[in-house]
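We number each residue from 1, following the sequence as shown.
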Amino acid sequence: MTFEELASKTKKIDFCMLSSNDGAGKISSRPMSNNRDVDYDGDFWFFSHAGTRKVAEISNVDDVLLTFTEAPSLFGTPGMFITVQGKATIIQDRAAFEEHWISGLERWFPQGVLTSDLVLIRIVSSSLHYWDGEENGEVAVSRNM
């Protein structure tokens, strides 16, 4: 499977689990919506409030893991499971907020991009692993930066 195929699949799966490390060996996971905002270069974007544990953990240890689960097909074949390893960055820039904002996020951030403690979490992926019931593999993300 190619990176583009996997990125396309993750774009169709809205919710994933974001796992971060507290620096003392404890891993925490929580559901996050990617708002279908997945760049084909391997970046994932998530909005959050600044005062959360995940933001504190990412500020100390930037290694994160995303896990996506695609629903099984109507014909009984299992869905796809995808994990993404990457580095996270906390962004506090209104222009970036506006670029990635979509309708519906007001549910969690009633003041929109003007939410006082709004941050954007950018995950730059380094590799993706997948399992689909028939095959599995790993795709490295190459970047031309």
How many angstroms lie between [atom1] in [X] and [atom2] in [Y], if you round to the nearest 0.5 Å?
X	Y	atom1	atom2	result
I123	F44	CD1	CZ	8.5 Å
T83	L128	OG1	CG	7.5 Å
T52	I121	OG1	CD1	6.0 Å
E57	I27	CD	CD1	8.5 Å
D93	H100	CG	NE2	9.5 Å
M32	K54	CE	NZ	4.5 Å

Checklist entry - What orientation do W101 and F47 show, parallel under 30°, tilted 30 to 60°, or perpendicular over 60°? => result perpendicular
Checklist entry - Which word best sums up how the rings of F15 and W108 line up, parallel for under 30°, tilted for 30 to 60°, or perpendicular for over 60°? => result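 Aromatic pair F15/W108 classed perpendicular.
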Item to check | Validation row: S59, I90 side chains within 4.5 angstrom (heavy atoms) | outcome: yes
Checklist entry - Under 4.5 Å between any side-chain heavy atoms of L65 and V84, yes or no? => result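 They are not in contact (no side-chain heavy atoms under 4.5 Å apart), so the answer is no.
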Checklist entry - Looking at S20, S19, S48, which one forms a side chain to side chain contact (heavy atoms under 4.5 Å, CB included) with R30? => result S20
Item to check | Among I13, D132, T69, side chain to side chain contact (heavy atoms under 4.5 Å, CB included) partner for M80 | outcome: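 When side chain to side chain contact (heavy atoms under 4.5 Å, CB included) is applied between M80 and each of I13, D132, T69, only D132 qualifies.
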Minimal non-hydrogen separation, [X] against [Y], with atom names:
X	Y	result
S33	F46	O-CD2, 3.3 Å
R94	V113	NE-O, 3.7 Å
A88	V64	CB-CG1, 3.8 Å
G51	D117	N-OD2, 4.5 Å
K87	D63	NZ-OD1, 2.6 Å
G23	V61	CA-CG2, 3.8 Å

Checklist entry - Is it true that W45 and I102 fall in one hydrophobic cluster, defined by side-chain heavy atoms closer than 4.5 Å? => result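 Yes, one cluster joins them.
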Checklist entry - Judged by atom type as modelled, is there a donor-acceptor pair below 3.5 Å linking the side chain of E106 to the main-chain atoms of G104? => result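 Answer holds: yes.
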Checklist entry - Step by step, would you call F97 with F109 a ring-ring contact (aromatic ring centres under 6.0 Å, His included)? => result CA-CA 12 Å; F97 298 165; F109 310 101; 9.2 Å; no
